[in-house]
Each structure stands twice: as C-alpha cells, then as structure tokens.
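To start, the structure under review is shown below, and the notes come after it.
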Protein chains: 2
Amino acid sequence: MNIGDVATASGLPAKTIRYYEDVGLIAPRRGANGYRRFDQTDLHRLAFLGRARSLGFSIEECRELMALYGDKHRASSDVKQIARGHLARIDAKLDELRQMRAALADLVEACAGDDRPDCPILADLADTTTATARAGG
Amino acid sequence: MNIGDVATASGLPAKTIRYYEDVGLIAPRRGANGYRRFDQTDLHRLAFLGRARSLGFSIEECRELMALYGDKHRASSDVKQIARGHLARIDAKLDELRQMRAALADLVEACAGDDRPDCPILADLADTTTATARAGG
DNA sequence: TATTGACCTTCCCGTGACTGGAAGCCCTAT
DNA sequence: ATAGGGCTTCCAGTCACGGGAAGGTCAATA
C-alpha cells in the first residue's frame with residue numbers, strides 16, 4: 001500500500017503519517033522508486049496511534065504505549081500509570097476550562113448585547129480592583 | 001516604571017510583556033537608554049490583557065476587545081459576539097475533553113494495574129474492530 | 001576608578017503536533 | 001509527448017510564549 005491508501009484506510013492525513021515516521025513511531029519500507037510501502041503491521045500501528053491520539057495521549061505517551069504493547073513481559077501497571085497521568089491532566093484542563101466558562105458565561109449573560117456602548121464584559125476586563133476571581137451571584 | 005516593575009505589578013512575565021509589544025498590543029515609550037518606560041495607561045492595558053488571557057481569549061480577540069474598549073461608540077453586541085464565540089469554543093473543548101475523560105476513565109478502571117501483562121487499555125487501543133466509540137457498561 | 005551584580009536590550013531557537021506549499025520525481029493513460 | 005495525479009523532500013508557519021546567548025546600562029561598593 002502507498003501512503004494514500006493507508007491514509008484512506010486509517011483516516012489519518014498523509015502528512016500526519018509522514019510525521020509519525022519522522023518521529024520514529026512507524027518505519028515503513030521503501031520501494032525501488034522511493035515510495036513508502038506499508039504492510040498490515042504498519043496499518044495496525046497507525047490505527048493504534050490514531051486511537052491513542054484521539055484519547056489525547058501525547059506523541060511521547062504513544063511511543064511508550066506502543067513499546068509496552070510490543071513488550072510481552074510488560075506489567076499492566078506501567079500502562080495504567082501512563083493512562084492515569086493523562087487522565088489527571090485531562091481533569092486539570094477540565095477544571096481550568098470550567099472555571100473559564102463559568103466566569104465568561106456570567107459576563108455574557110450580564111451583557112445586553114445591543115447597540116449601546118455599556119458593557120459589563122469590558123468593564124470587568126478593565127476593572128483594576130479585581131483579579132478575575134469572581135463567582136456570579 | 002521599567003519592565004521589571006510592571007512585570008511585578010501586573011503579574012505578567014517580562015518576556016510576555018515584550019511579546020505583547022511585538023504583536024502591537026502595547027506601545028510603551030522608550031527612555032534615552034533604550035529601556036521601555038511604562039506609564040499607568042500601559043499598566044492598565046496589561047492588566048486588561050492579563051484578565052482577558054486568563055479567560056482564554058486569544059491574542060487576536062484581546063486585540064479586538066481592546067479596540068472596542070477604546071471605542072466610545074462601540075456597541076456592546078460586538079463585545080458580546082466575541083465573548084460568545086469564545087464561549088462556544090470553550091464548550092466544544094469541554095465536550096471533547098469530557099468524552100476523552102469518559103473513555104479513558106473506563107479503560108483505567110478496567111485495568112488491573114498489577115504486574116501481569118494483560119491490559120484492557122492496550123487491548124482497546126489495538127482493537128481493529130472499534131473506532132474509539134464505546135461507552136462503558 | 002574599577003568592578004561587581006542586577007537589570008535591561010535584541011536576536012534566535014524550541015515547544016506540540018501537525019499543516020501548507022514549493023520544487024521536483026514517478027506512474028499511468030491517452 | 002503530454003497531462004494528471006500521486007509521491008518525495010524540505011522549509012515555513014501555527015500559538016503564545018520561554019530559554020538562553022551576547023551585550024549595553026545603572027546603582028552601589030571596594
């Protein structure tokens with residue numbers, strides 16, 4: 001299979017597949033014409049990568065996960081540790097976004113959104129007495 | 001005030017303040033020695049920027065918001081539109097992260113995390129029949 | 001006066017995970 | 001021969017900075 005075929009099959013852009021080769025996540029063979037030639041193993045690895053990335057794992061985590069996947073003597077605790085670390089980062093990001101959302105939603109709600117210039121959103125941003133730490137009430 | 005003073009006063013790193021000047025968000029004067037000289041207006045703008053950034057507005061949105069802030073004939077609807085666009089992006093990101101979290105949490109829970117190699121996390125990532133679309137049962 | 005040491009300047013590179021685009025080779029069909 | 005599509009490499013850009021080098025400035029001190 002050429003790169004276009006695996007791109008279609010895996011759902012990953014050809015650019016991304018080349019990038020994965022660049023960073024050493026896959027190592028497809030080359031044909032006499034210089035084209036990458038992908039086999040089922042490559043396709044399998046790309047599918048693995050696609051799913052891991054869709055779960056938000058970083059490239060480095062993907063590298064570790066794939067190494068563990070190929071290691072028959074792995075301990076599942078090693079895998080779980082990576083996953084839990086990632087889960088913790090997701091939770092931290094969720095908290096951050098939820099706080100942003102709450103503050104922003106309050107401001108949006110308070111703003112008339114008409115043709116007058118008065119705007120609680122700008123007022124809050126320009127307010128020198130607060131430090132973006134307010135809960136609506 | 002030199003850059004170190006406004007960095008302390010605004011809570012923004014000096015590097016960030018220079019960057020904001022680079023992209024045209026602030027324009028402090030210069031002393032004879034080439035040092036940036038910040039006045040109260042600059043400090044006010046930096047505080048505005050710090051709060052807008054902490055709410056997750058992009059640099060370009062900050063630029064628009066500051067322009068609106070300085071425009072006495074603005075319509076609050078313009079401000080609200082920017083804020084709502086940002087809110088929508090936050091909500092989209094929240095949805096994405098929540099889905100990731102749910103899928104990942106299921107996998108983490110299913111994994112024994114001991115010294116045996118069996119691992120539902122790796123099994124799921126390597127599963128060629130699913131496309132990361134499963135809800136725990 | 002010379003020297004420290006803190007502060008400031010500009011400039012360039014690196015981040016993560018790609019994406020866009022240019023220049024050019026390969027392959028197939030007509 | 002030519003047209004087109006697909007493939008190759010390489011370079012640059014994304015976003016919002018951060019790190020660090022090389023060097024100028026300032027206030028205080030020996």
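Lettering of chains follows the sequences in order, A, B, ..., and the numbering in each one begins at 1.
- Contacts classified as salt bridge (charged side-chain N to carboxylate O under 4.0 Å, His left out) and involving residues 72-87 of chain B (residues at least two apart or in different chains) are not found.
- With the nearest nucleotide of DNA chain D identified for both A:Arg30 and A:Tyr35, A:Tyr35 has the one nearer the 5' end.
- Rounded to a whole Å, the CZ atom of B:Arg37 is 12 Å from the P atom of C:dT9.
- Residue A:Arg18 is classed as a base contact, given a heavy-atom separation below 4.0 Å to a base.
- Between the side chain of B:Tyr19 and the base of D:dG18, no donor-acceptor pair under 3.5 Å is found.
- Note that CG of B:Asp42 is 10.5 Å distant from CD1 of B:Ile3, once rounded to the nearest 0.5 Å.
- Between D:dT9, C:dT9, C:dT19, one nucleotide has an atom nearer to the side chain of A:Pro13 than all others, and that is C:dT19.
- Among the protein residues, B:Phe57 comes within range of no part of the nucleic acid, since none of its heavy atoms lies under 4.0 Å from any strand.
- Residue B:Arg53 is the one, among B:Ala32 and B:Arg53, whose nearest nucleotide of DNA chain D lies closer to the 5' end (criterion: closest heavy atom).
- Across the protein-nucleic acid pair, A:Ile17 atom CD1 and D:dG6 atom C1' stand 14 Å apart, rounded to whole Å.
- Hydrophobic clustering places A:Tyr19 together with A:Leu25 (ILVMFWY residues linked when any side-chain heavy atoms are closer than 4.5 Å, directly or through intermediates).
- Non-hydrogen atoms lying under 4.0 Å from DNA chain C are contributed by nothing in residues 80-93 of chain A.
- Note on A:Thr16: a side-chain N or O is less than 4.0 Å away from OP1 or OP2 of C:dT19.
- Rounding to whole angstrom units, CD1 of residue A:Ile3 and P of C:dT19 are separated by 12 Å.
- If you measure from atom CD of A:Glu60 to atom C1' of C:dC18, you get 15 Å, rounded to the nearest angstrom.
- Look at CZ on A:Arg36: it is 7 Å from C1' on D:dT8, rounded to the nearest Å.
- Looking only at atom types and distance, the side chain of B:Ser76 has no donor-acceptor partner in the side chain of A:Asp118 under 3.5 Å away.
- No more than 12 heavy atoms of other residues, nucleotides or ligands sit less than 6.0 Å from atom CZ of A:Arg116.
- Classification of the B:Tyr69-B:His44 ring pair by plane angle, with boundaries at 30° and 60°, yields perpendicular.
- Residues B:Ile26 and B:Leu49 form a side-chain contact, since some pair of their non-hydrogen atoms from C-beta on lies under 4.5 Å apart.
- In this structure, the CG atom of B:Leu25 is 10 Å from the P atom of D:dA16, given to the nearest Å.
- Taking atom CG of A:Asp22 as the reference point, atom C1' of C:dT19 lies 13 Å away to the nearest angstrom.
- Rounded to whole angstrom, the span from the NZ atom of A:Lys15 across to the P atom of D:dG13 amounts to 14 Å.
- Taking only side-chain nitrogens and oxygens, B:Asn33 comes nearer than 4.0 Å to OP1 or OP2 of D:dC26.
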